[in-house]
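A quick write-up on the structure given underneath.
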There are 2 protein chains.
Amino acid sequence: MATGRNHRPATSRSRGIPEATVARLPLYLRALTALSERSVPTVSSEELASAAGVNSAKLRKDFSYLGSYGTRGVGYDVEYLVYQISRELGLTQDWPVVIVGIGNLGAALANYGGFASRGFRVAALIDADPQLAGKPVAGIPVQHTDELEKIVAENGVSIGVIATPAGAAQQVCDRLVAAGITSILNFAPTVLSVPEGVDVRKVDLSIELQILAFHEQRKAGEEPATAPAEVDTAPPAAPPAVAVTKRPPESGPDGDLPAVMPA
Amino acid sequence: MATGRNHRPATSRSRGIPEATVARLPLYLRALTALSERSVPTVSSEELASAAGVNSAKLRKDFSYLGSYGTRGVGYDVEYLVYQISRELGLTQDWPVVIVGIGNLGAALANYGGFASRGFRVAALIDADPQLAGKPVAGIPVQHTDELEKIVAENGVSIGVIATPAGAAQQVCDRLVAAGITSILNFAPTVLSVPEGVDVRKVDLSIELQILAFHEQRKAGEEPATAPAEVDTAPPAAPPAVAVTKRPPESGPDGDLPAVMPA
DNA sequence: CGATGTGAATTACTTCACAGCC
DNA sequence: GGCTGTGAAGTAATTCACATCG
């Protein structure tokens, strides 16, 4: 999972609920909603935990931070729990969202079904390309970046999604923040710097793959499983030696870095 | 960020490097590569940490798990560190990857620049829609799901990306695993169950937004900032009361759940 | 002197195990 | 009897602070 935070020192959980617990609430909510749709009235911590992919002790501990919503000897009332978690997550409100950067990814996000439900509403799509302006994506007309501030203000938007190329991300971020946005979901492969009080979460495909590669590499040593093709890589001439000696720009063992998003 | 794991009990770090550290290595690598491109020869823990968005103590501790690659009084040799981290992450190998589910999102992923670099190579695009078969996306012809096993075997693929609708994800996952894949990056909003030894990481847009909403809700109480539109939500009639009493299916405070991906 | 590398202290998170209540 | 709720124990991650060395 790729994520990022930005809070008061990390301690001082926003009202006693640990970050790790908050991150799991949406998981529980999804599992509960599925049960709700099947009209299942109650569920035990064991069952729900299994559906959410965690262990039951963790789930019970998580719920204990919200309050005592279960019934001993029985389990949890599905509908009631759905409501309590929704409320805790702030999903009983309407959250207008703007997506900036309507390339491949931005379009995918705009079309994402999970967006519409659960209180999130795509209030506007924004792109710097004048060619796109006016064209509808997922039924919503794309607007030009010039309108950004106006759009945010008029719709009372407080959550922004950045799906631009890496190069444009910080600039877009600054404008979003200046316009009043206080939560950002960033898909561009860059570290965004934001003022105190603004939350940033990051989703980074490349990072996730690299983490998988790390573990995959370990496995290779153990089992003679599907072995990836070896590739020649000149071990770089440099031990942590003389240091300040600037080596010629024939560049290290790697070629380029990505950094550019689909846009 | 949305992520997921699947390992030996969580303890037993794969050779001494903590999970949390592994998750940050790609961040360092990106920052270092940017420095490398600007031909910066050395960097201090302070500078690099700032570029990667972490604090310097954490960065030094992280690097200490890899070895002593710095020079006291000076800092780290950029090129050398790029190589060491790349090697540690397994990026000096070639990793063929298949993407299953070429909808909006799958296409965005196929076009993602960050894929091609850093050792990841899109070996194939796979979709269940016969209409798509043969059509090129990002220059790569889409192949039909029937070919899945053959493609994985012939290309020695060990990493699979699932970008299908939620309903198809588990089934696709099972086939990938049966075909020999041992690492999965899952974009579908479902909990995948996999056998021991298979790694799953999850990227879930909806979850990230919900976490943002949680924190956003907190802020609203403090500063009179951009307030989201209140929406009427009938507080559910049920206290954690009688429990087993199945309430009428007039459903809870929420309408539907998403669960369906762009496809 | 200046910046790394790292034990020790702190804080966060998870898991255990069982008392308490329906 | 069965399952929740939670202190206590255990484990992981972060931060501190300083000895160490180029």
Side-chain angles (χ1 to χ4, degrees), chain A residues 1 3 5 7-14 16-25 27-28 41-50 52-78 80-81 84 239-245, chain B residues 3 5 7-25 27-28 41-50 52-78 80-81 84 239-245:
Chain A
M1 147 194 47
T3 71
R5 249 140 279 165
H7 273 145
R8 286 139 287 190
T11 175
S12 148
R13 318 143 173 172
S14 312
I17 303 182
E19 244 335 276
T21 295
V22 172
R24 281 187 296 265
L25 291 181
L27 237 56
Y28 301 145
T42 60
V43 67
S44 71
S45 63
E46 200 72 58
E47 293 167 320
L48 184 53
S50 146
V54 303
N55 73 44
S56 63
K58 195 184 285 181
L59 176 142
R60 288 200 303 276
K61 182 62 107 181
D62 283 342
F63 285 178
S64 80
Y65 294 115
L66 308 185
S68 289
Y69 295 150
T71 307
R72 291 166 203 243
V74 178
Y76 300 92
D77 181 281
V78 172
Y80 186 63
L81 203 45
Q84 290 299 343
V242 261
V244 200
T245 318
Chain B
T3 72
R5 249 139 280 166
H7 274 145
R8 286 139 286 190
T11 174
S12 146
R13 319 144 172 169
S14 314
R15 185 284 200 83
I17 301 181
E19 250 326 285
T21 295
V22 172
R24 281 187 296 266
L25 291 180
L27 237 55
Y28 301 144
T42 60
V43 67
S44 71
S45 64
E46 200 72 57
E47 294 166 321
L48 184 54
S50 147
V54 303
N55 73 44
S56 62
K58 196 185 286 182
L59 178 142
R60 288 201 303 278
K61 183 61 109 182
D62 283 343
F63 285 178
S64 81
Y65 293 115
L66 308 186
S68 288
Y69 296 150
T71 308
R72 290 170 203 242
V74 178
Y76 300 92
D77 180 282
V78 172
Y80 186 64
L81 203 46
Q84 290 299 343
V242 259
V244 200
T245 318

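Quick note: numbers below take in every heavy atom, side chains included, and nothing from hydrogens, waters or symmetry partners. This is a predicted model, so every value here is computed, not measured. Letters A, B, ... are given to chains in the order of the sequence lines, protein chains preceding strands, and every chain is numbered from 1.
Among the protein residues, A:Phe63 comes within range of no part of the nucleic acid, since none of its heavy atoms lies under 4.0 Å from any strand.
For A:Phe63, the ring-ring contact (aromatic ring centres under 6.0 Å, His included) partners at least two apart in sequence or on another chain are A:Tyr28, A:Tyr76. Taking the side-chain contact (heavy atoms from CB on, under 4.5 Å) definition, one finds that B:Ala49 meets it with B:Val54, B:Ser56, B:Leu59, sequence neighbours left out. The salt bridge (charged side-chain N to carboxylate O under 4.0 Å, His left out) check on B:Arg24 picks up B:Asp62, with sequence neighbours excluded. A:Ser64 is linked by a side-chain contact (heavy atoms from CB on, under 4.5 Å) to A:Lys61, counting only residues two or more places apart in sequence or in another chain.
Rounded to whole Å, the distance from CG on B:Leu59 to P on D:dC16 is 15 Å. The interatomic distance linking B:Asp62 (CG) with D:dA12 (P) rounds to 16 Å, in whole Å. Rounded to a whole Å, the CG atom of B:Leu48 is 13 Å from the C1' atom of C:dA3. We find that CG of B:Leu81 is positioned 13 Å from C1' of C:dT4, with the value rounded to whole Å. The separation between B:Ile17 atom CD1 and D:dT14 atom P is 14 Å, rounded to whole Å. Distance, A:Glu19 CD to D:dA12 P: 21 Å, rounded to whole Å. The distance from atom NZ of B:Lys58 to atom C1' of D:dC16 is 14 Å, rounded to the nearest whole Å. Protein atom OH of A:Tyr28 is 13 Å distant from nucleotide atom P of D:dT4, rounded to whole Å.
Comparing D:dT14, D:dT4, C:dA3 by their nearest atom to the side chain of B:Arg24 picks out D:dT14. Which of D:dT14, C:dG5, C:dA3 sits closest to the side chain of B:Ser68 comes down to C:dG5. Here the nucleotide nearest the side chain of A:Ser44, chosen from D:dT4, D:dT15, C:dC13, is D:dT4.
Distance check: B:Tyr65 OH to B:Ile17 CD1 gives 10.0 Å after rounding to the nearest 0.5 Å.
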**Asked** Going through the checks in order, is the side-chain contact (heavy atoms from CB on, under 4.5 Å) test met by A:Thr42 and A:Thr71?
**Response** CA-CA 10 Å; A:Thr42 60; A:Thr71 307; over 6 Å; no
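Here B:Ser45 reaches the OP1 or OP2 of C:dT4: one of its side-chain N or O atoms lies under 4.0 Å away. Taking only side-chain nitrogens and oxygens, B:Tyr76 comes nearer than 4.0 Å to OP1 or OP2 of C:dG5.
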Do any N or O atoms of the protein come closer than 3.5 Å to N or O atoms of nucleotides 16-22 of chain C, and which pairs are they?
residue, atom, partner, partner atom, Å
C:dG20, N3, A:Arg72, NH1, 3.2
C:dC22, O4', A:Arg72, O, 3.4

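Residues A:Leu25 and A:Leu66 meet the side-chain proximity criterion, which asks for heavy atoms closer than 4.5 Å.
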